[in-house]
Amino acid sequence: RKRGEKFPVFIKLYTGVLGFFGLFVLIFFPLYIYSSFSFALEKNNVLSLEASLRFDATAPIFEDQVDTQQLYHDTMLPSQGTQDIVTPEWEKAMLHYYPKLSSLNLDDNEKKLQFLQMPNVSRSVWSITPPARKQLISSMLNKGKHFLTLKLTVKRLGGVPRELTLVHSYELTDSEKDDFAKILQQESTGTISIGAFYSPWLLNKSGFLSNVTLPPESGHDPDSLRKTCQLQIVREEGKDVDFAFLHCESLFKQGNVPTTTEMDCANGVLDGDACPRPQDYDNSYQFENVPFYFVTVSYKVASGSGLGAFIESVGIIGLYTTFVLAISRVMKLAISGMASRVVVEDMENPEPIMNLVEYIYMARAEGDLDLEEELYWELINLYRSPETIKEWTTNAVGGEGHVDKTKQS
């Protein structure tokens, strides 16, 4: 471009529009990566769920595990192998009879629903020692505080960390303590009813696992999504060994799969008195008891490998503090201070200064340290004076009035 001519249009686009686009991408790219539209997201399926149940700090009374490759079907239905019961019709019926779950948008394709049902009997015996057993009986009879603790460990396909733990403590009522102490005293088989024990719905999000519950400020009964369970303690004849069965209220009236009537009502085929009301599903006495189960709602997370794994492990705060701030600092260094740098970055011809630097190296190579130091301070004093730099580098190549300052030195 000649002096006085306008800059070409493509240069204006390069320095203007593209620069603005680069800043836009720099600021909003991390937000896009962590949004629901990100290309790096995938469904975070649950691979396995392990549950253990214990009284206070005693050994687990019930513990078992279910893998998604071995899904247990509802025992009220004919055996269908390991087929999962979750279908669009099943999801629709669940949302119809549990309208309080509508805020979770479970019908959204971005979420994955899985039904996990445990075996109905613990895989191990209750290994409580006789002294601990006596102490537990005495404390329960004295109406001391006792908690039934449910610990869940979920392994999932993606997310950081891959394994999550959720602990829920349920405080036993006085009547539940009496029932349990009576069974332990008699050393026989017995069943304890645990009212509103747990919520079967689990939220599997990026970095945490939680129960679906209703806060008191919602205006709904906080226990309306909780299920009552039956803990049966069985004593083997002739052996001082206890093991436990755990059954809980089903999702629907006759099991975890809706009946034909329930399905027709959810689809609008039937209505009126022939259909059960959704509010009826808040009452405990209308359900069948089925083996312990959970419904997991998994949200999309960054994929477990490559860029997705890096993004998931760093987090949006870490990504902004490293990626965005680092690039913005580089851009700031490149743009700011141009007035002070123009003296040394926009020389007409820097060859005389380059020659001075070469002379310094030559003096060092010849061992003339006095000359080296003299030339070094000449260079330092040169950079201290913008006028001197301009004088040295103006008309340096064959121009009229050119004087090679390095040769004068």
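The analysis underlying the following values was restricted to heavy atoms, covering all of them including side chains, and did not include hydrogens, waters or symmetry mates.
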Side chain proximity check, [X] to [Y], heavy atoms < 4.5 angstrom:
X	Y	answer
L166	V154	no
F208	L203	no
L202	L116	no
T149	V167	yes
Q232	T189	yes
I389	V344	yes
N142	M140	no
F245	V234	yes

**Under the ring pair (Phe, Tyr, Trp, His ring centres under 6.0 Å) test, residues paired with F292 that sit two or more places apart** =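 For F292 the ring pair (Phe, Tyr, Trp, His ring centres under 6.0 Å) partners, ignoring immediate neighbours, are Y198, F294.
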**Item:** With sequence neighbours excluded, residues passing ring pair (Phe, Tyr, Trp, His ring centres under 6.0 Å) with F21
**Value:** none
Taking atom types as modelled and ignoring hydrogens, do the side chains of [X] and [Y] form a donor-acceptor contact shorter than 3.5 angstrom?
X	Y	result
S250	E288	no
S139	H146	yes
R156	N204	yes
T393	E348	no
N256	Q117	yes

Evaluate whether atom [atom1] of [X] has more than 12 neighbouring non-hydrogen atoms of other residues, nucleotides or ligands under 6.0 angstrom away.
X	atom1	value
Q135	CD	no
E366	CD	no
Q185	CD	yes
E345	CD	yes
R341	CZ	yes
Y361	OH	no

Any sub-3.5 Å donor-acceptor pair from [X]'s side-chain atoms to [Y]'s backbone N or O?
X	Y	answer
N211	S199	yes
W126	A59	yes
S122	E63	yes
D346	V342	no
T296	S298	no
Q230	I194	no
R162	L157	yes
H168	F197	yes
E249	T228	yes
T394	E391	no

**Prompt:** Is R123 salt-bridged to E50, cutoff N-O under 4.0 Å?
**Reply:** yes
**Message:** Does K227 qualify as a cation-pi partner of F287, given the criterion of NZ or CZ under 6.0 Å from the six-membered ring centre and within 45 degrees of its axis?
**Reply:**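 Judged by the rule, K227 and F287 form a cation-pi pair.
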Only pairs under 3.5 Å count here: list side-chain donor-acceptor contacts from residues 176-184, not counting sequence neighbours, and write none if there are none.
residue	atom	partner	partner atom	Å
E176	OE1	Y170	OH	3.4
E176	OE1	T173	N	3.0
E176	OE1	T173	OG1	3.3
E176	OE2	Y170	OH	3.0
E176	OE2	G195	N	3.3
K177	NZ	G144	O	2.6
D178	OD1	K143	NZ	3.0

Got a second to check how far [X]'s [atom1] is from [Y]'s [atom2], nearest 0.5 Å?
X	Y	atom1	atom2	result
N355	M362	CG	CE	10.0 Å
L246	M118	CG	CE	9.0 Å
E358	L375	CD	CG	12.5 Å
L231	L148	CG	CG	7.0 Å
E373	I360	CD	CD1	11.0 Å
I233	T191	CD1	OG1	8.5 Å

**Request:** Could you note down all residue pairs passing side-chain hydrogen bond (donor to acceptor under 3.5 Å, both in side chains) where residues 266-275 supplies at least one of them, sequence neighbours left out?
**Result:**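 Sorted result for residues 266-275: K92-N267.
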**Message:** Evaluate T153 against E163 for side-chain contact (heavy atoms from CB on, under 4.5 Å), listing each step before the verdict.
**Reply:** CA-CA 7 Å; T153 302; E163 184 173 305; 3.6 Å; yes
**Prompt:** Only one of Y98, Y293, F115 forms a ring pair (Phe, Tyr, Trp, His ring centres under 6.0 Å) with W201, so which one is it?
**Reply:**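 It is Y98; the other options fail the test.
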**Asked** What residues form a salt bridge (Lys or Arg N to Asp or Glu O under 4.0 Å) with E372, not counting sequence neighbours?
**Response**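 Applying salt bridge (Lys or Arg N to Asp or Glu O under 4.0 Å) to E372 gives R364.
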**Request:** Only counting residues at least two apart or in another chain, list the ones meeting side chain to side chain donor-acceptor pair (under 3.5 Å) with D64.
**Result:**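 Once residues adjacent in sequence are excluded, D64 has no partner under the side chain to side chain donor-acceptor pair (under 3.5 Å) criterion.
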